[in-house]
**Q** 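Structure provided below as structure tokens; questions to follow.
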Number of protein chains: 4
Amino acid sequence: MAQRSADPPKRRAAEIIDAAAEVFDRRGYHGATTQDVANVLGIRQASLYYYFPSKEEALAQICERGVEGHLERALAIARGPEPAREKIAALIGSHLAPMRDRAAYVRVFLKERHHLPDATRRRVGRLARRYERIVQEVLEAGVAAGALRKDLDCRMTALAMIGMCNAATAWYGIEPDADHERIVAAFVRLALDGTLAARTRSTRAHR
Amino acid sequence: MAQRSADPPKRRAAEIIDAAAEVFDRRGYHGATTQDVANVLGIRQASLYYYFPSKEEALAQICERGVEGHLERALAIARGPEPAREKIAALIGSHLAPMRDRAAYVRVFLKERHHLPDATRRRVGRLARRYERIVQEVLEAGVAAGALRKDLDCRMTALAMIGMCNAATAWYGIEPDADHERIVAAFVRLALDGTLAARTRSTRAHR
Amino acid sequence: MAQRSADPPKRRAAEIIDAAAEVFDRRGYHGATTQDVANVLGIRQASLYYYFPSKEEALAQICERGVEGHLERALAIARGPEPAREKIAALIGSHLAPMRDRAAYVRVFLKERHHLPDATRRRVGRLARRYERIVQEVLEAGVAAGALRKDLDCRMTALAMIGMCNAATAWYGIEPDADHERIVAAFVRLALDGTLAARTRSTRAHR
Amino acid sequence: MAQRSADPPKRRAAEIIDAAAEVFDRRGYHGATTQDVANVLGIRQASLYYYFPSKEEALAQICERGVEGHLERALAIARGPEPAREKIAALIGSHLAPMRDRAAYVRVFLKERHHLPDATRRRVGRLARRYERIVQEVLEAGVAAGALRKDLDCRMTALAMIGMCNAATAWYGIEPDADHERIVAAFVRLALDGTLAARTRSTRAHR
DNA sequence: CATGAATGAGCATTCATTCAT
DNA sequence: GATGAATGAATGCTCATTCAT
């Protein structure tokens with residue numbers, strides 16, 4: 001008797017969106033049919049519309065959950081007192097964190113956000129650009145503090161790091177033996193130290 | 001010489017595929033209609049079928065051109081006599097090279113290859129895995145030769161580098177001031193040296 | 001007497017039908033949804049079915065009330081001893097009378113009766129034809145008695161008068177300054193005297 | 001060889017709209033399905049969309065044709081030099097004229113115009129009000145010129161006459177023995193002379 | 001070469017209706 | 001009395017594809 005029937009309405013709606021996220025991930029937004037979603041749930045297609053008003057709205061909700069807290073976490077890290085090296089590590093960790101429990105949402109956001117209705121898409125675009133700038137500024141601050149290479153191309157590097165993390169979502173959970181910790185560790189190490197052995201380091205600009 | 005009416009059929013067919021690549025890039029394979037493609041060309045929808053037999057086949061051709069020579073170039077680099085450091089740089093350069101003149105094809109390959117018919121998709125998947133392994137083996141050879149960090153996670157690092165390059169296609173040509181050389185230079189530098197200043201380098205495994 | 005909880009069920013049912021009449025009037029039978037009706041009442045769509053068994057049945061009830069007493073009043077007038085001129089006036093008054101308190105019902109009857117199930121529709125059609133004949137016979141009797149023009153086309157004129165009244169329902173209650181009395185007076189006057197000034201009357205067949 | 005293939009595209013489109021007008025007339029706009037229209041034509045439902053872009057647009061085109069020239073004809077009559085009596089007759093004739101060859105279009109306009117998209121509906125509403133005013137002004141001028149009754153309620157009478165004509169569309173072509181000329185003659189006579197025999201005329205306001 | 005016409009298959013969405021609670 | 005949940009049967013519309021010309 002204790003705790004039960006907490007939120008039956010929301011519960012079911014969440015299941016529906018979950019199924020939609022999975023299907024949109026697998027087939028793409030336009031390649032997926034509402035019938036596909038219904039099949040996953042074992043209900044009739046028409047029943048979906050009791051829970052969400054349109055396919056497009058479902059996409060919007062999925063994308064929203066896919067980036068929920070993303071910017072906020074990055075901001076908190078950027079504003080912290082840690083040295084640049086820790087911040088970079090933390091940013092990579094934070095970027096990949098939602099993959100643990102919302103992989104499909106994140107992937108749908110990354111691949112299908114372009115199909116959001118115009119207004120939403122533009123808003124999302126602005127958030128993405130803010131996110132990029134936060135990472136870039138962490139790098140810039142690191143350079144200024146002498147913690148990072150003086151000749152670092154902060155803009156390109158920020159985009160490279162973000163891209164690296166985003167691309168990982170494509171094989172996250174599929175690549176054998178690649179658990180979360182290993183991925184984060186390797187990415188952080190690459191981002192901080194590169195691949196070269198100590199003595200072979202190219203201290204000047206390459207080329 | 002006399003380059004008269006050399007290959008008018010092929011010429012036009014190439015324009016058609018070009019238009020399809022552009023449209024598939026912008027709208028996604030399933031989001032794009034053959035009408036969209038026809039609009040770009042200023043011809044009627046039905047006329048497209050004079051040049052390619054189906055939308056799916058057009059996707060296949062685009063994807064093929066998107067990765068044309070990719071594996072071969074990587075193989076040539078991997079087999080070369082250069083030290084690991086040069087090979088890594090060359091691989092990144094080679095990976096991004098097609099973006100200069102076939103950006104839409106590359107992007108369509110990356111985003112839409114999943115919608116290829118099963119047989120083709122699996123073949124492409126195998127090629128991709130071979131490509132990953134080539135990069136990975138370059139790294140492994142570099143470690144063995146002492147040119148790269150002993151504790152390098154070659155598999156993860158290979159995937160990270162590839163992902164970084166692939167992700168770049170999303171903003172390649174759009175990001176202001178980011179010309180080809182700058183992108184390649186920054187990516188190579190990150191891959192080789194990371195971001196840390198020399199004295200702050202973490203010679204042991206991070207964490 | 002004691003009108004305690006006399007008819008709470010009927011009361012509510014009447015409100016439901018009222019709302020349906022309003023909505024059917026505004027949107028048309030097929031253009032209106034049961035959700036629209038529920039919205040007007042502030043209840044859930046499913047709750048409607050507690051009161052009426054189907055949308056079609058609701059239409060039937062509305063149409064019935066829309067013509068309730070219509071034929072009976074016309075019959076009473078036709079059978080009365082008054083001269084034709086009074087009967088015509090009374091018929092017009094009677095025709096428009098229900099607009100005072102059941103406008104939506106009357107309008108729905110006029111516009112949506114065609115969508116009634118076959119059996120009902122045919123029965124209603126028969127009533128309508130009887131009504132037309134009653135009016136026509138009043139005119140014919142008037143002609144025979146010398147009260148009305150000898151050359152009157154009784155059939156056409158009956159239909160014209162009825163049509164004039166029915167058409168008025170479209171703007172009844174909307175047309176500014178057109179109160180019930182004014183409408184009836186104008187219609188009666190037109191039906192009796194036409195528009196021409198006395199000396200310009202065309203006593204012979206026009207044209 | 002002589003004359004042929006004149007306008008095959010427009011010809012077919014006109015047939016489609018013709019069928020739609022007939023079906024919308026019979027079933028009402030919302031009660032009619034595009035399948036119904038296709039059935040009348042003996043083609044597949046999807047083929048309709050080769051000729052018109054939406055059901056709503058078909059309604060718009062039908063309504064447009066239903067009132068084509070209506071206002072213009074009324075204006076020409078109103079501005080003419082004839083006495084009021086002739087103008088009234090001409091207006092009634094003009095109002096009913098399109099029923100001869102476009103009955104379904106006129107009926108659909110009258111019954112379904114409310115379902116036009118907002119912008120179109122409002123534009124049509126304005127035209128209707130202009131039309132009413134034209135008729136009303138003809139009556140007012142007639143009163144001023146002494147041709148019509150001094151106490152005529154011009155507004156109500158205009159609406160009554162228009163309503164009478166519109167209502168006739170409901171049985172036009174169905175009512176036995178009611179050919180065009182008979183209808184027009186009866187309506188004109190009623191509008192001019194009313195129903196009363198000459199000696200029984202009520203020269204003062206009735207009541 | 002290219003197109004106008006047409007279509008089969010499918011798609012998102014709507015809606016009246018049911019029913020257990 | 002009333003409702004939340006679900007559904008069957010459309011419905012308007014899209015789209016890749018075909019084919020005679």
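Here is the naming used below: chain letters follow the sequence lines, and residue numbers restart at 1 for every chain.
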**Q** Taking any heavy-atom pair under 4.0 Å as a contact, classify D:Leu48: base, sugar-phosphate, or nothing.
**A**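 Since no nucleic acid heavy atom lies under 4.0 Å of D:Leu48, the category is nothing.
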**Q** Determine, for A:Arg26 against A:Glu22, whether the closest basic-nitrogen to carboxylate-oxygen distance falls under 4.0 angstrom.
**A**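 Answer for the salt bridge query: yes.
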**Q** Take the protein atom CG of A:Leu59 and the nucleotide atom C1' of E:dA12, then report the distance between them rounded to whole Å.
**A**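 Value for this atom pair: 14 Å.
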**Q** For A:Asn39 and E:dG10, what is the distance between atoms CG and P respectively, to the nearest whole Å?
**A**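 Spelled out: CG on A:Asn39 to P on E:dG10 is 13 Å.
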**Q** Calculate, to the nearest 0.5 Å, the distance between atoms CD and CD belonging to A:Glu64 and A:Glu57 respectively.
**A**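 A:Glu64 CD to A:Glu57 CD: 8.5 Å, rounded to 0.5 Å.
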**Q** Dot-bracket for DNA chain F, please, read 5' to 3', with Watson-Crick or G-U wobble pairs under 3.5 Å on both distances, ( ) within the strand, [ ] crossing, | other strand, . unpaired.
**A** .||||||||||||||||||||
**Q** Any Lys/Arg nitrogen of D:Lys111 or D:Asp25 sitting under 4.0 Å from an Asp/Glu carboxylate oxygen of the other?
**A**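 Yes.
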**Q** Quick one: what's the B/S/- string for nucleotides 8-15 of chain F, heavy-atom cutoff under 4.0 Å, read 5' to 3'?
**A** BB-SBBBS
**Q** Could you tell me the separation between the CZ atom of C:Phe24 and the C1' atom of E:dC15, rounded to a whole number of Å?
**A** 13 Å
**Q** In whole angstroms, how far is the P atom of F:dT3 from the OH atom of A:Tyr50?
**A**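 The distance from OH of A:Tyr50 to P of F:dT3 comes to 11 Å, rounded to the nearest Å.
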**Q** Please step through side-chain hydrogen bond (donor to acceptor under 3.5 Å, both in side chains) for the pair D:Asp36 and D:Thr33, ending with a clear verdict.
**A** CA-CA 5 Å; D:Asp36 293 334; D:Thr33 73; 3.3 Å; yes
**Q** I'd like to check the salt bridge (Lys or Arg N to Asp or Glu O under 4.0 Å) partners of B:Lys55; sequence neighbours left out, ordered by chain and number.
**A**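 By the salt bridge (Lys or Arg N to Asp or Glu O under 4.0 Å) rule, B:Lys55 matches no residue at all.
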**Q** In whole angstroms, how far is the P atom of E:dG4 from the CD1 atom of B:Ile43?
**A**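 Atom CD1 in B:Ile43 sits about 11 Å away from atom P in E:dG4.
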**Q** Distance check needed: E:dC1 P versus B:Ile16 CD1, whole Å only.
**A** 11 Å
**Q** Quick one: sort the D:Tyr29 and D:His115 rings into parallel, tilted or perpendicular, breaks at 30° and 60°.
**A**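 Geometry flag for D:His115 against D:Tyr29: parallel rings.
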**Q** Going from CD1 on C:Ile16 to CZ on C:Arg11, what distance comes out if it is rounded to the nearest 0.5 angstrom?
**A** 14.0 Å
**Q** Are D:Arg113 and D:Phe109 in a cation-pi setup, meaning NZ or CZ lies under 6.0 angstrom from the ring centre and within 45 degrees of the ring axis?
**A**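 Pair D:Arg113/D:Phe109 counts as cation-pi.
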